[in-house]
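Quick notes on the structure that follows.
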Amino acid sequence: MTVARLQRRLAEFAAARDWGQYHTPKNLAAALSVEAGELVEIFQWLTPEESARVMESPASAHRVEDEVADVLSYLLQFCEVLGIDALKALAAKIERNEKRFPSTGSGHSMK
């Protein structure tokens, strides 16, 4: 499954329900923020150790996967509406970060 195919499926799903009128950049950005908040909520009161084991429980793993899917869904729809190639944007950002934060070889290049 490609990103483009997923975006097409999401667009078709929304069009079949006449939701396109609501899929403005502002609304999609807000929905993305809400869904990201729901993902954060799962981890809110967990210790670092508990958060690392969240996928061990089928119930919590299912919740995490659902929220990740919601976040990705809204992000892809946002990119589709604005004509952003998400993979190209990510690759460009990684390149900028590699220049901005060069590796020191010690594994601790954040200063």
Side-chain angles (χ1 to χ4, degrees):
M1 183 69 58
T2 66
V3 170
R5 177 67 187 127
L6 288 170
Q7 286 177 305
R8 223 174 6 261
R9 283 186 68 188
L10 289 165
E12 291 167 1
F13 182 88
R17 290 152 182 82
D18 197 27
W19 290 352
Q21 62 186 316
Y22 306 111
H23 288 188
T24 64
K26 177 193 78 69
N27 288 350
L28 291 169
L32 175 59
S33 175
V34 168
E35 295 301 338
E38 290 179 6
L39 180 60
V40 170
E41 183 180 31
I42 296 168
F43 295 89
Q44 184 174 9
W45 302 114
L46 300 181
T47 65
E49 295 78 18
E50 290 169 334
S51 71
R53 294 189 312 270
V54 75
M55 299 305 286
E56 293 173 8
S57 160
S60 62
H62 180 72
R63 287 182 62 210
V64 170
E65 288 172 353
D66 273 357
E67 295 309 332
V68 165
D70 288 343
V71 168
L72 184 56
S73 172
Y74 282 117
L75 180 59
L76 291 178
Q77 290 175 83
F78 179 83
C79 289
E80 178 74 14
V81 166
L82 291 179
I84 297 169
D85 180 328
L87 297 181
K88 184 177 176 183
L90 177 57
K93 181 67 175 188
I94 291 169
E95 285 182 28
R96 286 192 305 275
N97 283 343
E98 287 172 340
K99 291 175 184 161
R100 186 173 173 201
F101 304 106
S103 174
T104 62
S106 68
H108 299 282
S109 60
M110 299 285 291
K111 291 184 184 179

Query raised in the report: Under 4.5 Å between side-chain heavy atoms, hopping through other hydrophobics if needed: is there a path connecting Tyr74 to Tyr22?
Result: no
Requested in this report: State plainly whether one hydrophobic cluster holds both Leu32 and Ile84, where clusters connect Ile, Leu, Val, Met, Phe, Trp and Tyr through side-chain heavy atoms under 4.5 angstrom apart.
Outcome: yes
Requested in this report: Please check if any side-chain donor atom of His23 sits under 3.5 Å from a side-chain acceptor atom of Asn27, or the reverse.
Outcome: no
Report task. Kindly compute the distance separating CG (Leu28) from CG (Leu82), expressed to the nearest 0.5 Å. Result -> 8.0 Å
Query raised in the report: Going only through I, L, V, M, F, W and Y residues with side-chain contacts under 4.5 Å, is there a path from Leu39 to Met55?
Result: yes
Requested in this report: Please lay out, stage by stage, how Arg63 and Asp66 fare under the test side-chain contact (heavy atoms from CB on, under 4.5 Å).
Outcome: CA-CA 5 Å; Arg63 287 182 62 210; Asp66 273 357; 5.8 Å; no
**Report entry** Spacing of CD belonging to Gln7 relative to CG belonging to Asp85, to within rounding of 0.5 Å
**Finding:** 8.0 Å
Query raised in the report: How many angstroms lie between atom CZ of Arg5 and atom CG of Leu10, to the nearest 0.5 angstrom?
Result: 10.0 Å
Query raised in the report: Distance from Leu76 atom CG to Arg8 atom CZ, nearest 0.5 Å?
Result: 12.5 Å
**Report entry** Same apolar cluster: Met1 and Leu87, side chain cutoff 4.5 Å
**Finding:** yes
Query raised in the report: Is it the case that one hydrophobic cluster holds both Val3 and Leu72, taking links as side-chain heavy atoms less than 4.5 Å apart, direct or via other members?
Result: yes
Requested in this report: Taking all non-hydrogen atoms of both residues into account, name the closest pair between Gln21 and Asp18 and its distance.
Outcome: NE2-O, 3.0 Å
Report task. Find out whether Ile42 and Glu67 are in side-chain contact, i.e. whether some heavy atom of one side chain is under 4.5 Å from a heavy atom of the other. Result -> yes
Report task. Identify the heavy atoms of Phe78 and Pro25 that sit nearest to each other, and give their distance. Result -> CE1-O, 3.6 Å
Report summary line: Taking every heavy atom of Ser51 against every heavy atom of Pro48, the minimum-distance pair comes out as OG-O, 2.8 Å
Query raised in the report: Would one find more than 12 heavy atoms of other residues, nucleotides or ligands at under 6.0 Å from atom CZ of Phe43?
Result: yes
Report task. Test the Arg17-Phe13 pair against the cation-pi criterion, namely NZ or CZ under 6.0 angstrom from the six-membered ring centroid and within 45° of the ring axis. Result -> yes
Report task. Start with the C-alpha distance between Glu35 and Glu38, add both sets of side-chain angles, then the distance that settles side-chain contact (heavy atoms from CB on, under 4.5 Å), and finish with yes or no. Result -> CA-CA 5 Å; Glu35 295 301 338; Glu38 290 179 6; 3.0 Å; yes
